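Each remark here refers to the structure printed beneath this line.
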Amino acid sequence: MTKKIAVFPGSFDPFTKGHEDIVRRALPLFDELYIAFGRNVAKERLFDVTAQMQSVARVFADEPKAKVIEYQGLTCDFCHNIGAQYIVRGLRNALDFQYESEMAAINKDLAPDIETLFILTNPRWAHLSSSTVRELYKHCGPYQNFLPSNECEK
Ligand code: ADP
């Protein structure tokens with residue numbers, strides 16, 4: 001049987017407990033799940049991508065299905081390169097829905113063979129975004145509270 005391979009793409013600047021929750025809930029659905037850090041040269045990061053990727057790899061060290069990877073370019077091209085049939089995204093609210101449905105529609109145009117699947121946020125993390133965590137970090141707030149197991153350092 002063909003392996004079910006999914007990509008969970010994002011900026012993950014940083015990777016939060018909300019992202020962790022989506023990954024843990026997506027893992028049982030697939031044979032492999034790539035947590036894919038999209039490189040965007042136009043967008044400067046606050047949290048170092050290499051350190052973040054190492055932290056996320058440690059968080060999922062006991063989950064052989066979870067892989068951490070960086071990619072450039074279009075997500076659907078990356079999916080084709082690694083043989084993934086699914087894109088997983090999280091949905092928190094109507095704003096996410098608006099943006100995500102447009103992205104999913106464009107990806108469907110570009111790559112009809114790839115299905116985007118959405119997982120609704122755990123209400124516990126519905127208010128949580130990477131941008132809020134960045135603000136907390138800049139103002140010396142307890143940003144680690146919102147990172148997986150206080151794992152992800154800058
Ligand atoms: P991007 O820059 O591609 O939007 P993000 O790293 O901000 O990347 O988010 C990646 C995915 O995770 C998106 O689908 C986003 O909606 C989802 N996400 C972000 N925060 C949460 C959260 N707290 N709960 C559920 N999903 C989330």
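Read the numbers this way: they start at 1 and go in the same order the structure lists the ligands and their atoms. Since we're looking at a predicted model, the values are computed, not measured.
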For [atom], find the nearest protein heavy atom and state the residue, atom name and distance (0.1 Å precision).
{"atom": "atom 21 (C) of ligand 1", "value": "R92 CD, 3.5 Å"}
{"atom": "atom 12 (O) of ligand 1", "value": "H19 CD2, 3.3 Å"}
{"atom": "atom 11 (C) of ligand 1", "value": "F8 CE1, 3.7 Å"}

Per-atom contacts, ligand 1 versus [X] - under 4.0 Å to a heavy atom:
{"X": "P9", "result": "10 (C)"}
{"X": "R89", "result": "1 (P), 3 (O), 4 (O), 10 (C), 11 (C), 13 (C), 14 (O)"}
{"X": "W125", "result": "22 (C), 23 (N)"}
{"X": "E100", "result": "13 (C), 14 (O), 16 (O)"}

**Prompt:** Would you say S11 has any N or O atom under 3.5 Å from an N or O of ligand 1, going by distance alone?
**Reply:** yes
**Message:** Could you check whether E135 and Y137, counting side-chain N and O atoms only, form a donor-acceptor pair closer than 3.5 Å?
**Reply:** no
**Item:** ring pair (Phe, Tyr, Trp, His ring centres under 6.0 Å): pairs with one or both residues in residues 75-98, sequence neighbours excluded
**Value:** F30-Y86, Y71-F78
**Item:** Heavy atoms of other groups near K108 NZ, more than 12 under 6.0 Å
**Value:** yes
**Prompt:** Going hydrophobic residue to hydrophobic residue with side-chain gaps under 4.5 angstrom, can you get from F12 over to V49?
**Reply:** yes
**Asked** What do you reckon, does D96 put a non-hydrogen atom under 4.0 Å from ligand 1?
**Response** yes
